[in-house]
S.K.: 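Just passing along the structure, written as structure tokens.
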Amino acid sequence: MFQIPCPDFSLADTLECGQTFRWRRLPTGGYAGWIEGRTVKVRQEGSALLVESLDSSLTPGRVARYFALDLNLAAILASIDVDAQAHDAIARHRGLRVLRQDPWECLASFICSSYNNIARIQGMIERLCRAYGVSVGFNGYQGYTFPTAEVVAVASERELRALGLGFRAGYLRSTARLIAEGRFALEPLRGVRYAEAKAALLHCEGVGDKVADCVALFGLEQYEAFPIDLWIARAMRYYFRRQKMTPKRLHDFAAKHFGAYAGYAQQYLYHYVRNLRRGTQDSRLKTQVKSSVLGLVS
DNA sequence: CGCCAGGTGCTGA
DNA sequence: TCAGCACATGGC
């Protein structure tokens, strides 16, 4: 057990904003999950992060890196605090940080995310880990590591479908083989320009615009990436009340409007609009707030 | 019990 | 370039 300083940080917003699928909230208020393949429990006490792991190789430095605590969040948020909606999102979820996740786990997870809901994505990934990962026990918590691309690559599509992956089974298998056979490498994409990283990701089957941006942002430190899903498209109606906007035009706008950390803006907006429904008790007010933000009220 | 979900690939204009 | 469509599934 050790603790590290975490100024300007919200563990709950960071782990529950939909960027990661393998953390579970504990009755104690903390979370159990994984960092760089090590199982771990974390809990926030003010501006300190309490970390519990049996694996001594999980150093404070690795944990701080995973949670991106080295980045100057105040500066990032100042750069994207450029309109009223972004301002509200930041005010509501301040401390949310974009994690530095393992790019392969990120890629596989978001291939599974297409045309799907978060609850089921979590279940699918859990079954994938149970079937192909390595069992690890720790202090009353037991789980399975995320399987390597090499292991997933040798699974049959039928076996993957049996885990409930549906039509994504073929995509995942195809992409796993690409990596396992050395025809595609993720790690080098961390150091190249955003456009180049995205173009490379698009060669994977099951990876389109949205998934490529998620992997670039959550796994490759490409903070310009701006994943556009259904919820963000709704949020963007705030800027374009009635115009028809293609995803390409939304991307161009986001890049110009939010700048180098557009990905942070995306994540704050995504978390913000999704939580508007549970934000207030009064359902009438709730509907008003939601409609207003989504640009549905004339 | 219908509706919906962090979309993608394919086809045809 | 872009609209239209099929694709599997289970949580809510």
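In what follows, every chain begins at residue 1, and chains take the letters A, B, ... in the order their sequences are listed. Predicted model only: the values in this text are computed from it and were never measured.
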S.K.: To the nearest angstrom, how far is R168(A) atom CZ from dA5(B) atom C1'?
M.R.: 9 Å
S.K.: For dT11(B) and dA8(C), measure between their P atoms and round to the nearest Å.
M.R.: 15 Å
S.K.: The side chain of E205(A) lies closest to which of these nucleotides: dG9(B), dA5(B), dC2(C)?
M.R.: dG9(B)
S.K.: Looking at the side chain of D209(A), which of dA8(C), dT8(B), dG10(C) is the nearest nucleotide?
M.R.: dT8(B)
S.K.: Is the CZ atom of R193(A) crowded by more than 12 outside heavy atoms at less than 6.0 Å?
M.R.: no
S.K.: Mind checking if C204(A) touches a base, just sugar-phosphate, or nothing, with heavy atoms under 4.0 Å?
M.R.: sugar-phosphate
S.K.: I121(A) has an atom CD1; how far is it from atom P of dG11(C), in whole Å?
M.R.: 13 Å
S.K.: Using whole Å, what does the distance between atom P of nucleotide dA5(B) and atom CD1 of I232(A) come to?
M.R.: 14 Å
S.K.: Output the single nucleotide from dA5(B), dG7(B), dC2(C) whose closest atom is nearest the side chain of T246(A).
M.R.: dC2(C)
S.K.: Provide, to the nearest angstrom, the distance between the NE2 atom belonging to H251(A) and the P atom belonging to dG7(B).
M.R.: 13 Å
S.K.: Heavy atoms from C-beta onward define the side chain here; which of dC7(C), dG10(C), dA5(B) lies closest to that of R120(A)?
M.R.: dG10(C)
S.K.: Would you say dA8(C) has OP1 or OP2 under 4.0 Å from some side-chain N or O of R161(A)?
M.R.: yes
S.K.: Consider side-chain contact (heavy atoms from CB on, under 4.5 Å). Of L11(A), V40(A), T14(A), which one does W23(A) pass it with?
M.R.: V40(A)
S.K.: Starting at CE of M124(A) and ending at C1' of dT9(C), how long is that distance when rounded to a whole Å?
M.R.: 9 Å
S.K.: So Q122(A), base contact, sugar-phosphate only, or nothing? Heavy-atom distance under 4.0 Å.
M.R.: nothing
S.K.: Stacking between dA8(C) and F167(A), yes or no? Criterion: centroid separation under 5.5 angstrom, plane angle under 30 degrees.
M.R.: no
S.K.: What is the nucleic acid contact for G18(A), judged by heavy atoms within less than 4.0 Å: base, sugar-phosphate only, or nothing?
M.R.: base
S.K.: Using whole Å, what does the distance between atom P of nucleotide dA8(C) and atom CG of L163(A) come to?
M.R.: 15 Å
S.K.: Whole-Å distance between dG7(B) P and I118(A) CD1?
M.R.: 9 Å
S.K.: Taking for each residue the nucleotide of DNA chain B bearing the nearest heavy atom, is the 5' side occupied by L202(A) or by P227(A)?
M.R.: P227(A)
S.K.: Report the C-alpha separation of R274(A) and D229(A) in whole Å, then their side-chain angles, then the decisive distance to 0.1 Å, and conclude whether the salt bridge (charged side-chain N to carboxylate O under 4.0 Å, His left out) test is met.
M.R.: CA-CA 12 Å; R274(A) 287 198 71 217; D229(A) 76 317; over 6 Å; no
S.K.: Measure NZ/K210(A) against P/dG7(B) and give the value in whole Å, please.
M.R.: 6 Å
S.K.: Rounded at 0.5 Å granularity, tell me how far CG in L165(A) sits from CD in E159(A).
M.R.: 11.5 Å
S.K.: Per the side-chain contact (heavy atoms from CB on, under 4.5 Å) rule, which among V211(A), D209(A), L217(A), V215(A) passes with P227(A)?
M.R.: L217(A)
S.K.: Can you check whether R234(A) has a side-chain N or O nearer than 4.0 Å to OP1 or OP2 of dA5(B)?
M.R.: yes
